[in-house]
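One structure is given here, and the rest of the page talks about it.
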Protein chains: 2
Amino acid sequence: MSKSETKTSSAKNAVVAKARFARIRNDHAKELAEDYLEMIDDLTSANGEARAVDIANQLGVSHVTVTKTVARLKRDGLVTSQPYRSIFLTPKGKRIADNARRRHQTVLQFLLALGVPADSAEIDAEGIEHHISPATLKAMREFTKKNA
Amino acid sequence: MSKSETKTSSAKNAVVAKARFARIRNDHAKELAEDYLEMIDDLTSANGEARAVDIANQLGVSHVTVTKTVARLKRDGLVTSQPYRSIFLTPKGKRIADNARRRHQTVLQFLLALGVPADSAEIDAEGIEHHISPATLKAMREFTKKNA
DNA sequence: TACAGAATATAGTCTATGCTATATTCGTAA
DNA sequence: TTACGAATATAGCATAGACTATATTCTGTA
């Protein structure tokens, strides 16, 4: 098989693969954003505000990392913040946090219904929740309903 | 609820959360590495070698990015390469590629058995495969066996 | 109210992952 | 066998996401 033939025959596959892998890579920022937004929402519910130091503790990063990430979230219209003040979600950020939490719960309940031990289920749900299509979420909900 | 109380009461949770989120963040490099290793393995099977330009086309990145990433993989003992030559997996790299592919197949077959449409299943399998514990993989295999 | 300690900001550094532009090398067809 | 096009290398740049060290601001308490 010559190299030019290889290139030609895989051209269409490459286009498909390209889209798929690009999506995967772009998920990274989205994933991190969702983790922050959920955490900010949780802290706000629990304490009435989300302080950088609490976010840092919960996520296991330095407060500097939190500051920088929050600046990006702010730039993207997902949170509001003023110097030396707590961080709050915008409506858009709240919507994303709610969706992320819903997905998380769906995946977690599903894994438990499937018979995965609770500790593994919790960890895996965290990793998986950012990577599921609506179709798979739907299938998971249906399975959980039948096997709860 | 005072701030110091909040901090104290959430201290244990924070430790747990810290470990969980840290794992998630570190998964990224591993994820990318697995994608490259699987791709290199696929190309080697198909063409007898994996060229940077083919990897770049398949993954949808520039060949420069491939060169740099391959350098990291080489540094980590997962591939071998010489200037102007194709890239090959080391035994260690091959082992990781095989495991990744096995996990991918397990997840894909599971999603199909669950009733997820093929196109969504393929995309989601790609995203999910990097984030599952052995316990969940086991549960997936068992489900697929019963519902194939 | 003023001060000490907690929280936040800022400066500077690092690695990973991406890119474009340019130079070099390879491989093949004339 | 040479020259041209393809492949690879290299230089330089950007952004995200992490850190430490240091400076500044805030806040609760003495």
Side-chain angles (χ1 to χ4, degrees), chain A residues 1-8 11 18 21-36 39-40 43 47-76 78-88, chain B residues 1-8 11 18 21-36 39-40 43 47-76 78-88:
Chain A
M1 186 192 275
S2 84
K3 279 158 194 180
S4 60
E5 275 173 334
T6 300
K7 193 175 175 187
T8 303
K18 203 175 283 198
F21 288 112
R23 195 193 55 77
I24 291 165
R25 279 193 308 278
N26 290 338
D27 274 0
H28 193 189
K30 204 185 78 182
E31 215 175 312
L32 192 77
E34 288 181 352
D35 283 346
Y36 270 77
M39 186 59 73
I40 292 167
L43 287 168
N47 309 339
E49 61 178 356
R51 300 185 307 164
V53 68
D54 292 328
I55 299 170
N57 278 335
Q58 290 287 317
L59 294 179
V61 296
S62 77
H63 70 93
V64 180
T65 299
V66 171
T67 299
K68 280 204 187 176
T69 303
V70 164
R72 281 196 298 276
L73 296 176
K74 188 177 182 179
R75 181 199 63 191
D76 297 341
L78 304 175
V79 305
T80 59
S81 71
Q82 278 91 40
Y84 294 101
R85 295 292 147 193
S86 290
I87 296 125
F88 297 95
Chain B
M1 186 192 273
S2 84
K3 279 160 195 179
S4 60
E5 275 173 336
T6 300
K7 193 176 174 187
T8 302
K18 204 176 283 198
F21 289 112
R23 196 194 54 77
I24 290 164
R25 279 192 306 280
N26 289 337
D27 272 1
H28 266 141
K30 205 186 76 183
E31 214 176 311
L32 191 76
E34 286 181 353
D35 283 345
Y36 270 77
M39 186 59 73
I40 291 166
L43 287 168
N47 309 339
E49 61 177 358
R51 300 184 308 163
V53 67
D54 292 328
I55 299 170
N57 278 335
Q58 290 286 318
L59 295 180
V61 296
S62 77
H63 70 94
V64 181
T65 298
V66 170
T67 299
K68 281 201 187 179
T69 303
V70 164
R72 281 196 299 277
L73 296 177
K74 188 178 182 179
R75 180 200 63 191
D76 297 340
L78 304 175
V79 305
T80 60
S81 71
Q82 279 91 41
Y84 295 101
R85 294 294 147 191
S86 291
I87 297 126
F88 298 96

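It should be emphasised that the depicted structure is a prediction, and the values quoted were computed from it without experimental measurement. Here is how names work: the chains are called A, B, and so on, in the same order as the sequence lines, proteins then strands, and each is numbered from 1.
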Legend entry - Strand contacts (DNA chain D) in residues 61-71 of chain B, 4.0 angstrom heavy-atom criterion: B:H63, B:V64, B:T67, B:K68
Legend entry - Nearest-angstrom distance from the residue atom CG of B:L43 to P of D:dA7: 13 Å
Legend entry - side-chain N/O A:R75 vs D:dT15 OP1/OP2, d < 4.0 Å: no
Legend entry - Results of side chain to side chain contact (heavy atoms under 4.5 Å, CB included) for B:A56 - residues two or more places apart only: B:H63, B:V66
Inset, instruction - Would you tell me if any nitrogen or oxygen in the side chain of A:R85 comes within less than 4.0 Å of OP1 or OP2 on C:dA9? - result: no
Legend entry - A:L32 CG - D:dA18 C1' separation (whole Å): 11 Å
Legend entry - Gap between atoms CD and C1', on B:Q82 and D:dA9 respectively (whole Å): 15 Å
Legend entry - Separation of A:L73 CG from A:L32 CG (nearest 0.5 Å): 8.0 Å
Inset, instruction - Measure from CG on A:L59 to P on D:dC19 and round the result to the nearest Å. - result: 11 Å
Inset, instruction - With B:K74 as reference, evaluate B:V79, B:T80, B:T69, B:I87 under the side chain to side chain contact (heavy atoms under 4.5 Å, CB included) test and give the passing residue. - result: B:V79
Inset, instruction - Send over the distance from B:E31 CD to C:dA16 P, rounded to a whole Å. - result: 16 Å
Legend entry - Rounded interatomic separation in angstrom, taking CD from A:E49 and C1' from D:dT27: 12 Å
Inset, instruction - Choose from D:dA7, C:dT17, C:dA9 the nucleotide whose nearest atom is closest to any side-chain atom of B:R72. - result: C:dT17
Legend entry - Euclidean distance, atom OH of residue B:Y84 to atom C1' of D:dT10 [Å, nearest integer]: 9 Å
Inset, instruction - Compare side-chain N and O positions of B:R51 against OP1 and OP2 of C:dG27 and report whether any pair is under 4.0 Å apart. - result: no
Inset, instruction - Write down the distance between CG (A:D35) and P (D:dA16), rounded to a whole number of angstrom. - result: 17 Å
Inset, instruction - Using side chain to side chain contact (heavy atoms under 4.5 Å, CB included) as the criterion, list what pairs up with A:D27, not counting sequence neighbours. - result: A:R23, A:K30, A:H131
Inset, instruction - Between A:P83 and A:A33, just flag the one whose closest nucleotide in DNA chain D comes earlier from the 5' side. - result: A:A33
Legend entry - Residue pair A:M39 / A:D35, side-chain heavy-atom distance below 4.5 Å: no
